[in-house]
Amino acid sequence: MGEKTRPCAGISATGNWYIDAGIVGFLRYLYEDLNYSREEIEKLVNGEICINERVLSDFGLALWLDKLYYKPNKKEEDENRTSWNSFKNELIEEWKNKDENNRNLDALRCFLKEKFCGNTKFKIPDKVGLRPGMLFNFKFFNVSKLKKCVMFDDFYNYMTNKEKVNEEQIFDKTINKFLPSAAEFPNEFMRSITLNELENHIPYFKVFLLSFEKAFVKIEQRWYFFHSPDIMDSFKESVDLARNKSRNKSGNDNFVNAVITESKWINDNWQVIIHSGFDNRNQEIRGVKFLPLDVATAKILKSNMFKERPYVLLKEFPVAEEPNYKVYTNALELLVEHKPLSAFMISFMLRAVNDDDFKKEFDKSYYDGIYWATAEILHYLQESDIDSKSDKIFKKIKLAEVALTKLLETSKYDQDTAKKYFLSLAEAAIKNNVYEFKFIILKLLQSIIDSTADKEGTRKLVTYLLDYINQIENKFQPKTVPILISLYKMLE
């Protein structure tokens, strides 16, 4: 069989995460909003379908319907919102039913002005407003343009290169997102970079700038994008992650199956890009993280213990406060960055003891500490041992928590005494003071033995804990977590 005809160059990943996210966002607009099929998307990427004015105008319609929103007054009811959604769907169907020769950027300009600028139920700006997001610096997304309804003309000029764009207004001046970056060599602008220069190297670059936000999917408190050297892989994972989120609300229950378990992640140098949102005042992308997934972390996520419970490694906790947003972390991020999960979990428990607001949220997830401790110990192992030992390590840690919890319940410790022991043990754990930790826990066990009537039942549990404590020097901090969780539970 001969090769398929490819009249166009197609779309390739550039290797730059910002631009590639724009490409994925562009494809998602067409796929999710204009109902392009997977086959059509693949043909666009492969060059079997060209990015022509029909495709660009389809994207333009999807973009505008995403950025425009209905703003009813207080007297109007929810049914008008339903009517607005129906109206948008009708616009898409009406547009797609046009002859392909009549689906172009000039026709789109006239179509949008007819539907939103004339005598219509959803007239701009009376009933319909604009949410430009981080694209506020683009002339056509300036809300001051709404009253005269000239933004569709400005958009046409931008898309057809009929008007030069003021790059000085578009780009964030603190970081050049279009060059490689490293902590020791930040991307400061050395001179002005023009859109024309970039577009000479990346066709339709100006278009992809408009769809950057669409590539990211929110999970917990942050937004995720899975960056692959193959643009179709990035597209598929973005779509699947968004679909999983819409189905189960949390967005992470199918995280492993949708993304992580792909072996090509490791082989093809995938990475996950995480950010904490956009600052719409200066186009800053807050708290950007780049996480290349190492083999050990991938094997942990695929192990029996975690492949059905990815949420315990994705649950996010606030760790700092920036001027305009909170900084979050999760176990996946800490594993990839080779940071001590247990130290973070212990610090969260200590914070919850002194911060009632944090405690209310943390109390829903503190038991995840058992999984965090397991993951940290697994990360120290040889990669070949991770899957075979994950269940055994988890069971051993969990049994330590169960044993001490039963002892504390039978001894009827009051909260003040439990808090005293908890704080002392947590301080020793944070300081990595093995001998002090052992001394305190042995003192606690002796007091439990002295205060309980069921000496035989108590002795069995104490024996297990003594054996556990005797081996605590090896991977000390994670092994302290189940003991601290047992005492923390007494403080609820």
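Side chains are part of it too, since the values below use all heavy atoms of this structure and drop only hydrogens, waters and symmetry mates. Sequence positions, counted from 1, serve as the residue numbers for this chain.
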Q. Just checking, is any N or O donor in the side chain of Ser83 or Lys121 under 3.5 Å from an acceptor N or O on the other one?
A. yes
**Q.** Distance in Å, Ile370 CD1 paired with Met305 CE, rounded so as to fall on 0.5 Å steps
**A.** 11.5 Å
Q) Mind checking whether Phe26 and Phe208 have parallel, tilted or perpendicular rings, split at 30° and 60°? A) perpendicular
**Q.** Minimum heavy-atom distance Leu314-Glu220, with the two atoms named
**A.** O-CG, 3.6 Å
Q: Please test Asp66 against Arg28 for salt bridge (charged side-chain N to carboxylate O under 4.0 Å, His left out), starting from the C-alpha separation and ending with a verdict.
A: CA-CA 12 Å; Asp66 182 40; Arg28 280 189 60 191; over 6 Å; no
Q) Are Lys289 and Glu337 within salt-bridge range, i.e. N to O under 4.0 Å? A) yes
Q) Is there a side-chain contact between Tyr18 and Leu209, using heavy atoms and a 4.5 Å cut-off? A) yes
**Q.** Output field: ring centroids Trp64/Phe141 closer than 6.0 Å
**A.** yes
Q.
Against the six-membered ring of Tyr29, is Lys214 placed for a cation-pi contact (under 6.0 Å from the centre, within 45° of the normal)?
A. yes
Q.
Check the orientation of Phe226 and Tyr224. Use parallel for under 30°, tilted for 30 to 60°, and perpendicular for over 60°.
A. parallel
Q. Quick one: does Lys299's side chain get under 4.5 Å of Asp387's, heavy atoms only?
A. no
Q | Rounded distance [0.5 Å steps], CD in Glu237 versus OG in Ser228 | A | 8.0 Å
Q. Honestly, is Arg109 close enough over Phe152, meaning NZ or CZ under 6.0 Å from the six-membered ring centre and within 45° of the axis?
A. no
(Q) Looking at Lys475 and Glu376, is any side-chain nitrogen of the basic one under 4.0 Å from a carboxylate oxygen of the acidic one? (A) no
Q | Note: Glu213-Lys67 ion pair, threshold 4.0 Å (strictly below) | A | yes
Q: Assess whether side-chain contact (heavy atoms from CB on, under 4.5 Å) is satisfied between Leu301 and Leu332, documenting all intermediate values.
A: CA-CA 9 Å; Leu301 285 160; Leu332 173 64; 3.7 Å; yes
(Q) Any non-hydrogen side-chain atom of Ser238 less than 4.5 Å from a side-chain atom of Val217? (A) yes
Q: List the steps, then state whether side-chain contact (heavy atoms from CB on, under 4.5 Å) holds for Glu40 with Tyr31.
A: CA-CA 9 Å; Glu40 288 176 297; Tyr31 178 72; over 6 Å; no
Q. Is Phe225 close to Ile274 at the side-chain level, that is, under 4.5 Å between some pair of heavy atoms?
A. no
Q) Going by the angle between their ring planes, with limits at 30° and 60°, are Phe122 and Phe87 parallel, tilted or perpendicular? A) tilted
Q | Pairs flagged by ring-ring contact (aromatic ring centres under 6.0 Å, His included) wherever residues 318-347 is involved - sequence neighbours left out | A | His338-His379
(Q) Applying side-chain hydrogen bond (donor to acceptor under 3.5 Å, both in side chains) to Lys398 and Tyr367, what does each step give before you reach the verdict? (A) CA-CA 10 Å; Lys398 182 176 173 61; Tyr367 206 78; 3.0 Å; yes
Q: Measure across Ser211 and Gly22 and return the closest heavy-atom pair with its distance rounded to 0.1 Å.
A: OG-O, 2.7 Å
Q.
Under 4.0 Å between a side-chain nitrogen and a carboxylate oxygen: does that hold for Glu322 and Arg286?
A. no
Q | Minimal non-hydrogen separation, Ser342 against Ala373, with atom names | A | OG-CA, 4.1 Å
Q) Could Glu361 and Lys315 be called an ion pair, given the rule that one side-chain N must be under 4.0 Å from one carboxylate O? A) yes
Q) What distance separates Ser303 OG from Lys389 NZ, expressed to the nearest 0.5 Å? A) 14.0 Å
Q: Determine the minimum heavy-atom distance between Val288 and Phe290, stating which atoms define it.
A: CG1-CZ, 3.5 Å
Q: Taking the side chain as every heavy atom from C-beta outward, state whether Phe212 and Ile285 have any atom pair closer than 4.5 Å.
A: yes
Q) Do the non-hydrogen side-chain atoms of Ile124 and Met151 ever get within less than 4.5 Å of each other? A) yes
Q) Rounded to the nearest 0.5 Å, how far apart are CD1 of Ile92 and CG of Leu34? A) 6.0 Å
Q | Step-by-step side-chain hydrogen bond (donor to acceptor under 3.5 Å, both in side chains) determination, Thr14 to Asp20 | A | CA-CA 6 Å; Thr14 66; Asp20 289 348; 2.9 Å; yes
Q: Would you check if there is a donor-acceptor pair between the side chains of Asn104 and Ser57 at a distance under 3.5 Å?
A: no
Q. So Glu333 and Lys339, salt bridge (charged side-chain N to carboxylate O under 4.0 Å, His left out) or not? Walk me through it.
A. CA-CA 9 Å; Glu333 181 179 328; Lys339 293 181 179 177; 5.9 Å; no
Q: Could you tell me whether Lys139 sits above the aromatic face of Tyr158, with NZ or CZ closer than 6.0 angstrom to the six-membered ring centre and within 45 degrees of the axis?
A: no
**Q.** Phe394/Trp372 under ring-ring contact (aromatic ring centres under 6.0 Å, His included): CA gap, chis, key distance, verdict
**A.** CA-CA 10 Å; Phe394 174 80; Trp372 283 41; over 10 Å; no
Q: Kindly write out the residues that satisfy salt bridge (charged side-chain N to carboxylate O under 4.0 Å, His left out) with Lys236, not counting sequence neighbours, or none if the list is empty.
A: Glu42
Q) Hey, does Asn330 have a side-chain heavy atom less than 4.5 Å from the side chain of Leu313? A) no
Q. What is the ring orientation for Phe278 with His275, classed by angle as parallel under 30°, tilted 30 to 60°, or perpendicular over 60°?
A. tilted
Q) Can you name the closest pair of heavy atoms from Thr374 and Ser390 and give their distance? A) CG2-O, 4.0 Å
(Q) With a 4.5 Å cut-off on side-chain heavy atoms, are Val150 and Phe140 touching? (A) no
Q. Taking the inter-plane angle between the rings of Trp17 and Phe216 on a 0 to 90° scale, is it parallel (under 30°), tilted (30 to 60°) or perpendicular (over 60°)?
A. perpendicular
Q. Given Asn97 and Arg103, is the side-chain contact (heavy atoms from CB on, under 4.5 Å) satisfied, shown in steps?
A. CA-CA 9 Å; Asn97 286 332; Arg103 281 162 64 185; over 6 Å; no
Q. If you look at every heavy atom in Val55 and Cys50, which pair is closest and at what distance?
A. CG2-O, 3.6 Å
**Q.** Asp58-Tyr36 side chain donor-acceptor pair, cut-off 3.5 Å
**A.** yes
Q: State which residues pass side-chain hydrogen bond (donor to acceptor under 3.5 Å, both in side chains) with Thr329; sequence neighbours excluded, sorted by chain then number.
A: none
Q: Show your working on side-chain contact (heavy atoms from CB on, under 4.5 Å) between Val24 and Ile231 and close with a plain yes or no.
A: CA-CA 7 Å; Val24 169; Ile231 207 68; 4.1 Å; yes
(Q) As a test of understanding, state which of Leu27, Asp240, Val45, Asp230 forms a side-chain contact (heavy atoms from CB on, under 4.5 Å) with Phe235. (A) Leu27
Q. Which of these passes side chain to side chain donor-acceptor pair (under 3.5 Å) with Lys359: Asp363, Asp355, Asp356?
A. Asp363
Q | CD1-CD distance between Ile346 and Gln477, expressed to the nearest 0.5 angstrom | A | 5.0 Å
Q) Hey, what do you get for CG (Asn46) to CD (Glu39), rounding to the nearest 0.5 Å? A) 10.5 Å
